Trainee: 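Here it is, the structure in full.
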Amino acid sequence: MTPPHRGSGGAAQGRPPPTVDRRLLAANPLTAASTLLGALLVRTGLGDQPETIVGRIVEVEAYGGQEDRASHARMGPTARNAPMFGPPGHAYVYLVYGMHTCLNVVAGPEASASAVLIRAVEPLEGMAAMRHARALSRTPGQHVPDARVAAGPGLVGAAFGIGRDLNGVDLCRAGSTLRLARDDIACSPFDVLQGPRIGIAYAGEPAVSLPWRLGIAGSPSLSKPFPRPGDIP
DNA sequence: CTAATGATGTCCT
DNA sequence: GGACATCATTAGA
């Protein structure tokens, strides 16, 4: 019954946690996604709020390059997806539905144009700053519980104050205002949920059926439940 | 509880 | 002009 998240000590306090090794992200996107699951997302340098925001990545989706009909890279390089064709470990930030920003971590070898979408984060530190950032981005959620403040791709963007200005930022560099960190101390082992990606019905088969959405079992911060093995056809 | 809907801006045809 | 890797709110069973 012990939750797999938030282990013993508050490891996120004190010295800044170590960055994520860029080479671990240079593998195929599904492997990179698996690496990012359980890692920390760290936000600093919010103008008005001195607080640092730290959360644990609990849900991700892998996207391939041109061969993946669900990927933004499917049309080849464009102005929007340019960061996907760059080196791994950098941010690809884009606007969906005219109002929400989503964060991707570029993956794979350079120019492979694959990426990992950060779909949900479990808050660890900086609750007040997260809610403040959400209010600024007109995503009120005044009554949502702490665990659900970043429980969706658009909500991750809102709660971490991620705007297009962060497009292309190096998430593996310690000095970046948005960065990834390892969580070797506080992160207990967890079970990985797997399912089809969300919101890509337009892509058709085989893309719609690939189980490239990964989540941490038991986390209260998943964007939505994963289909169970014996679920509706 | 599920389903429908409006908000909103940018990219690509 | 159409479609979109979404969210909050409202309407309905």
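Below, each value reflects all heavy atoms present in this structure, side chains not excepted, and no hydrogens, waters or symmetry copies. Note on naming: letters A, B, ... go to the chains in the order of the sequence lines (proteins, then strands), and numbering restarts at 1 for each one. Note that this is a predicted model, so its numbers are computed, not measured.
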Trainee: If we count only N and O atoms by modelled type, under 3.5 Å, do the side chains of A:Ser223 and A:Arg119 hold a donor and an acceptor together?
Mentor: yes
Trainee: Rounded to whole angstrom units, what separation is found between the OH atom of A:Tyr97 and the C1' atom of C:dT9?
Mentor: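 For the pair A:Tyr97 OH and C:dT9 C1', the rounded distance is 17 Å.
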Trainee: Measure from the side-chain heavy atoms of A:Arg164 and tell me the nearest of B:dC12, B:dC11, C:dA5.
Mentor: B:dC11
Trainee: For DNA chain C, what is the dot-bracket line, given that a base pair needs Watson-Crick (N1 to N3, plus N6-O4 or O6-N4) or G-U wobble (N1-O2 and O6-N3) geometry with both distances under 3.5 Å, and | means paired with another strand?
Mentor: ||||.|||||||.
Trainee: In whole Å, what is the span from the CD atom of A:Glu59 to the C1' atom of C:dT6?
Mentor: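 Value for this atom pair: 13 Å.
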Trainee: B:dA7, C:dA8, C:dC4: which one has an atom nearest the side-chain heavy atoms of A:Pro140?
Mentor: C:dA8
Trainee: Side-chain N or O of A:Thr139 less than 4.0 angstrom from OP1 or OP2 on C:dA8?
Mentor: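 No, no such contact exists.
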Trainee: Nearest whole Å is fine: how far is C:dA5 C1' from A:Arg74 CZ?
Mentor: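 That distance rounds to 9 Å.
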Trainee: Can you identify which nucleotide, out of C:dA5, C:dC7, B:dG9, has its nearest atom closest to the A:Leu95 side chain?
Mentor: B:dG9
Trainee: Under 4.0 Å between any heavy atoms, over every strand shown, what does A:Ala70 touch: base, sugar-phosphate, or nothing? Just pick one.
Mentor: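 It contacts base atoms.
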Trainee: Would A:Tyr63 count as stacked on C:dA5 if the rule is ring centres under 5.5 Å and plane angle under 30°?
Mentor: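 So A:Tyr63 counts as stacking on the base.
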Trainee: Among B:dA7, C:dA5, C:dC7, find the nucleotide with the atom closest to the side chain of A:Met99.
Mentor: B:dA7
Trainee: Check whether the ring centres of A:Tyr63 and A:His72 lie less than 6.0 Å apart, and answer yes or no.
Mentor: no
Trainee: Regarding A:Gly98, tell me which of base, sugar-phosphate or nothing describes its non-hydrogen contacts under 4.0 Å with the strands shown.
Mentor: base
Trainee: Could you check whether any side-chain heavy atom of A:Val121 comes within less than 4.5 Å of a side-chain heavy atom of A:Val58, counting everything from C-beta outward?
Mentor: no
Trainee: In the structure I gave you, are the side-chain heavy atoms of A:Ser209 and A:Pro196 within less than 4.5 Å of one another anywhere?
Mentor: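 When only atoms from C-beta onward are counted, A:Pro196 and A:Ser209 do not touch, as no gap falls below 4.5 Å.
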Trainee: In whole angstrom, what separates A:Arg131's CZ from C:dA8's P?
Mentor: 12 Å
Trainee: Which residues satisfy the side-chain hydrogen bond (donor to acceptor under 3.5 Å, both in side chains) test with A:Arg22, sequence neighbours excluded?
Mentor: A:Asp170
Trainee: May I ask you to verify if any side-chain N or O of A:Tyr202 is less than 4.0 angstrom from the OP1 or OP2 atom of C:dA5?
Mentor: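 Yes, A:Tyr202 has a side-chain N/O under 4.0 Å of OP1/OP2 on C:dA5.
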Trainee: Please determine, for the side chain of A:His100, which listed nucleotide (B:dT8, C:dC7, C:dC4) has the closest atom?
Mentor: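 Closest nucleotide among those given: C:dC7.
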Trainee: Can you check whether A:Arg148 has a side-chain N or O nearer than 4.0 Å to OP1 or OP2 of C:dC7?
Mentor: no
Trainee: Can you tell me how far apart CH2 (A:Trp212) and OG (A:Ser71) are? Round to the nearest 0.5 Å.
Mentor: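 Rounded to the nearest 0.5 Å, the CH2-OG separation comes out at 9.0 Å.
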Trainee: A:His72 NE2 to C:dC4 P: how many Å, rounded?
Mentor: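 Going from NE2 in A:His72 over to P in C:dC4 covers 10 Å.
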Trainee: Nearest-nucleotide wise, let me know which of A:Arg138 and A:Gly76 is further upstream toward the 5' end of DNA chain B.
Mentor: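 Its nucleotide being nearer the 5' end, the pick is A:Arg138.
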Trainee: So does A:Arg119 get a side-chain nitrogen or oxygen closer than 4.0 Å to the phosphate oxygens (OP1/OP2) of C:dT6?
Mentor: yes
Trainee: Across the strands shown, which category fits A:Arg213 at heavy-atom distances under 4.0 angstrom: base, sugar-phosphate, nothing?
Mentor: nothing
Trainee: If the condition is side-chain hydrogen bond (donor to acceptor under 3.5 Å, both in side chains), which residues does A:Thr31 pass it with, not counting sequence neighbours?
Mentor: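 Partners of A:Thr31 by the side-chain hydrogen bond (donor to acceptor under 3.5 Å, both in side chains) criterion, ordered by chain and then number, come out as A:Asn28.
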Trainee: Of all the nucleotides listed (C:dT6, C:dA8, B:dA7), which has the minimum atom distance to the side chain of A:Cys102?
Mentor: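 Shortest atom-to-atom distance from the side chain points to C:dT6.
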Trainee: Between A:Ala203 and A:Ala151, which is nearer to the 5' end of DNA chain C once each is assigned its nearest nucleotide?
Mentor: A:Ala203
Trainee: Send over the distance from A:Leu155 CG to C:dC7 C1', rounded to a whole Å.
Mentor: 7 Å
Trainee: Got a salt bridge between A:Asp146 and A:Arg131, using NZ or NE/NH1/NH2 to carboxylate O under 4.0 Å?
Mentor: yes
Trainee: Which part of the nucleic acid, if any, lies within contact of A:Leu117, taking any heavy atom under 4.0 Å across all strands shown: a base, the sugar-phosphate backbone alone, or nothing?
Mentor: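 The answer is base, as A:Leu117 lies within the cut-off (heavy atoms under 4.0 Å) of a base atom.
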Trainee: What's the NZ-C1' distance between A:Lys224 and C:dA8, to the nearest Å?
Mentor: 14 Å
Trainee: Is the positively charged end of A:Arg164 above the ring of A:Tyr94, judged by distance under 6.0 angstrom from the centroid and angle within 45° of the axis?
Mentor: no
Trainee: Rounded to whole angstroms, how far apart are OH on A:Tyr92 and P on B:dT10?
Mentor: 14 Å
